Amino acid sequence: KLSKESRPELRLFQEMVRKSEIDYSLAKQEYLPDFMIKYRRDVSDGGTGSWAGMIGVTVPLWFWEKQDSFVKEAHANVSVVKAEYQAQENIVLFEVRSSYARLDAAKKLVQIYETGVLPQAQAALETARRGYETDSLSFLDLLDSERTLREFQMEYFESLANLEIALADLERAVGIDLSEVKK
């Protein structure tokens, strides 16, 4: 709903549909007769004047030829512009759904790192540290645990960056800043 209201491309196509419908309405008015009113005042040298007026009506006698082609063309333009709008709307809705799916997946991945992977890697490092202090693990095992934690932290930060990218893609697809919608 937000993308239909806010996306600039869709608003452009909505205005194009509205314009083509107005053109169609104007083309149908070509069937109507034209009315003309003219008046004129003639002033002679003596200061007396006369008025002359004329009323005219132009009736389109051959309206089934010239006017009909204008109306058919305008009607065809309305259909074309509506089809283009529908195609653009489908593209925008696909972009919104796709962006939302990427955002949702990125949120879930960040949550998995925050609630599962990073705490377990931190706990494994603490266990390795205690094992090294009690001489039950080697220094290489402690370094391996430290390296694993750092790799998971880097992956976590990459997933945070992907979350922000997905949010930006969704905001572009919708056409507005989503932080304003939350407020």
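For this chain, numbers begin at 1 and follow the sequence in order. Note that this is a predicted model, so its numbers are computed, not measured.
The minimum heavy-atom distance between Val78 and Tyr24, with the atom names listed, is CG2-CB, 3.8 Å. When all heavy atoms of Leu149 and Leu118 are compared, the closest pair comes out as CD1-O, 4.2 Å. In this structure, Leu137 and Thr127 approach most closely via the heavy-atom pair CD1-O, 4.4 Å. Shown here for Lys107 and Leu163, the closest heavy-atom pair between the two residues is CG-CD1, 3.5 Å.
One finds a salt bridge joining Glu21 and Lys82 here, because a Lys/Arg side-chain nitrogen approaches an Asp/Glu carboxylate oxygen to under 4.0 Å. Taking 4.0 Å as the cut-off between side-chain N and carboxylate O, Arg130 and Glu133 do not count as a salt-bridged pair. With respect to the salt-bridge test (charged N to carboxylate O, under 4.0 angstrom), the residues Glu15 and Arg18 qualify.
Taken to the nearest 0.5 Å, the CG atom of Leu10 stands 12.0 Å off from the CE atom of Met16. We find the CG-CG distance between Leu170 and Asp104 to be 10.5 Å, quoted to the nearest 0.5 Å. Between the CG atom of Leu26 and the CZ atom of Phe70 there is a distance of 12.5 Å, given to the nearest 0.5 Å. Remark: Ser20 OG to Glu84 CD distance equals 9.5 Å, nearest 0.5 Å. Between atom CG of residue Leu125 and atom CD of residue Gln120 there is a gap of 14.0 Å, rounded to the nearest 0.5 Å. Taking OG from Ser98 and CG from Leu93, the interatomic distance works out to 12.0 Å, rounded to the nearest 0.5 Å.
Grouping the Ile, Leu, Val, Met, Phe, Trp and Tyr side chains by contacts below 4.5 angstrom, directly or via other members, places Tyr85 apart from Ile91. Hydrophobic clustering keeps Ile165 apart from Tyr113 (ILVMFWY residues linked when any side-chain heavy atoms are closer than 4.5 Å, directly or through intermediates).
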Stepwise side chain to side chain contact (heavy atoms under 4.5 Å, CB included) check, Phe13 with Val17 | CA-CA 6 Å; Phe13 276 97; Val17 167; 5.5 Å; no

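The shortest side-chain heavy-atom distance between Arg172 and Glu95 falls under the 4.5 Å cut-off. With contacts defined as side-chain heavy-atom distances shorter than 4.5 Å, the pair Ile112/Val117 qualifies. Under the 4.5 Å side-chain criterion, counting only non-hydrogen atoms from C-beta, Val110 is in contact with Tyr156. Annotation: side chain of Glu89 is not in contact with side chain of Arg7 (no heavy-atom distance under 4.5 Å). Side-chain contact between Phe152 and Thr148 is present, with at least one heavy-atom pair separated by less than 4.5 Å. No side-chain heavy atom of Glu146 sits under 4.5 Å from any side-chain heavy atom of Leu142.
Side chain to side chain, Gln14 and Arg11 fail the donor-acceptor criterion of an N or O pair below 3.5 Å.
Connectivity analysis of hydrophobic side chains (ILVMFWY, heavy atoms under 4.5 Å, direct or indirect) links Met36 to Met54.
Not a single side-chain hydrogen bond (donor to acceptor under 3.5 Å, both in side chains) links Gln111 to another residue, sequence neighbours left out.
In this structure a side-chain-to-backbone donor-acceptor pair under 3.5 Å is missing from Ser99 to Val96. The main-chain N or O of Tyr132 is never found under 3.5 Å from a side-chain atom of Ser136 such that the two would form a donor-acceptor pair.
A side chain to side chain donor-acceptor pair (under 3.5 Å) check over residues 157-169, counting only residues at least two apart or in different chains, returns the pairs Arg102-Asp169.
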